[in-house]
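Protein chains get the first letters and strands the later ones, always in sequence-line order, with residue 1 at the start of each. As the structure is a prediction and not an experimental result, all values here were calculated from the model.
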There are 2 protein chains.
Amino acid sequence: MKLTSKGRYAVMALVDLARFDNINPVSLRDISLRQSISLDYLEQIFSKLKKNEIVKSIRGTQGGYVLNKNPNDIKLTNIFHAVDEKVKTVQCKKESKRGCNGKATKCITHNLWDELEIHINTFFENKSLEDLINDNKETRV
Amino acid sequence: MKLTSKGRYAVMALVDLARFDNINPVSLRDISLRQSISLDYLEQIFSKLKKNEIVKSIRGTQGGYVLNKNPNDIKLTNIFHAVDEKVKTVQCKKESKRGCNGKATKCITHNLWDELEIHINTFFENKSLEDLINDNKETRV
DNA sequence: TACATACCTGACTAAAATGGTCAAGTTTAG
DNA sequence: CTAAACTTGACCATTTTAGTCAGGTATGTA
């Protein structure tokens, strides 16, 4: 299972972006400063978010990034998928030599991981960027 | 978040053990052969399982390991905890310099990870070794 | 048209985690 | 007394992570 800082940074950056993009595009520099994430690293992350059409970029002076969808339509699944955080608990499939190829001779625990994956993915599919923004508003009252 | 082969191996080995320990203790050698897990690695894992009182060891010829509890009382939580698979999604606390110390200035996504952790842990707390054994019987009919 | 600001790309890397192996025991049934 | 089995701890190759660095390219504004 992979669920690391990259995914977390992506979410943090997008929540930040969502809060400020009403008026102008938001520069990575600003996000970098506000969220304490390395600018270079942010660029890698946003490159992927852009490819997945989660954000749009606006070049030039006063440029930056803008959300490409309604915050309610951006689910966490989409974000993690974009930055290659695979919510794969365990890869049995690589180990075809060893008896678990997902077909006839599943390893004893195969079903378990399938179940878990579904369990986690459901969580992410039901959580949108908008939910996070709201959560955050509440917390900072 | 950590959820890797070690945890999977632990579960596989215990399911295997549970199926064969009615009569005699089960040697790691047998488990190693049946589940294709390195014997040396199994030893590391069982050392931890023993410390956590999930299994008992019986030394000498014809020795081996036996479950120390009813399969129904061994929850997945216990197993993962024993082998140091921490279901910690993201450690914000290490980064106290950077604004998220879990106290006053939580990082924007802090609540999210807390929620996720609870979500996953609930899954593991409700799943016992016995459930897995039953699942497995069904699948192999 | 210059130039600063911002995006864009790819190569590189230190440190940590992973998934083990290896060596050297100790214990006990037969 | 010896082989089978547990026990302990050091060691290590590979992969992943979380970035850095070095160069670009595009474009709004003065």
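Note on B/S5: every side-chain N or O is 4.0 Å or more away from OP1 and OP2 of C/dG20. Look at A/K50 and you'll find a side-chain N or O under 4.0 angstrom from OP1 or OP2 of C/dC8. Using a 4.0 Å cut-off, some side-chain N or O of B/S57 falls inside it from OP1 or OP2 of D/dT7.
Across every non-hydrogen atom of B/T77 and B/N121, the tightest pair is OG1-O, 4.2 Å.
Rounding to whole angstrom units, CD1 of residue B/I31 and P of D/dA4 are separated by 18 Å. Straight-line distance from the CD1 atom of B/I45 to the P atom of D/dT7: 15 Å, rounded to whole Å. To the nearest angstrom, P of D/dG19 lies 9 Å from CZ of A/R8. Going from atom CG of A/D40 over to atom P of C/dA11 covers 16 Å, rounded to whole Å. Whole-Å rounding puts the A/Q44 CD to C/dA6 C1' distance at 17 Å. Separating the CZ atom of A/R29 from the P atom of C/dC7 is a distance of 11 Å, rounded to the nearest angstrom. Atom CG of B/N24 is separated from atom P of D/dA5 by 11 Å (rounded to the nearest Å). Taking atom CG of residue B/L28 and atom P of nucleotide D/dT7, one finds them 9 Å apart after rounding to whole Å.
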key: Summary of protein contacts for nucleotides 24-30 of chain C, nucleotide by nucleotide, where a base hit scores B, a sugar-phosphate-only hit scores S (4.0 Å, heavy atoms)   = --BSBB-
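Within 4.0 Å (heavy atoms only), A/Y65 reaches sugar-phosphate atoms of the nucleic acid but no base atom.
Here the nucleotide nearest the side chain of B/S47, chosen from D/dG19, C/dG20, D/dT8, is D/dT8. Of the listed nucleotides (D/dT8, C/dC8, D/dT17), D/dT17 has the atom at the smallest distance from the side chain of A/T4. When each of C/dG20, D/dC6, D/dA18 is scored by its nearest atom to the side-chain atoms of B/S27, the top-ranked nucleotide is D/dC6.
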Exercise answer: donor-acceptor pairs, residues 23-34 of chain A side-chain atoms, under 3.5 Å, sequence neighbours excluded:
residue : atom : partner : partner atom : Å
A/S27   : OG   : A/D30   : N            : 3.2
A/S32   : OG   : A/I37   : O            : 2.8
A/R34   : NE   : A/D16   : OD1          : 3.2
A/R34   : NE   : A/D16   : OD2          : 3.0
A/R34   : NH2  : A/D16   : OD1          : 2.7

List, one per line, each side-chain donor-acceptor pair under 3.5 Å for residues 60-76 of chain A, sequence neighbours excluded.
residue : atom : partner : partner atom : Å
A/N68   : ND2  : A/E53   : O            : 3.1
A/N70   : OD1  : A/N72   : N            : 2.9
A/N72   : OD1  : A/S128  : OG           : 3.4
A/K75   : NZ   : A/N72   : O            : 3.3

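At least one side-chain heavy atom of A/F123 sits less than 4.5 Å from a side-chain heavy atom of B/L112. Side chains of A/D135 and B/E115 form a contact here, defined as non-hydrogen atoms less than 4.5 Å apart. Using a 4.5 Å heavy-atom threshold, the side chains of B/R8 and B/T4 count as separate.
In this structure, B/M12 CE and B/L132 CG are separated by 12.0 Å, a value rounded to the nearest 0.5 Å.
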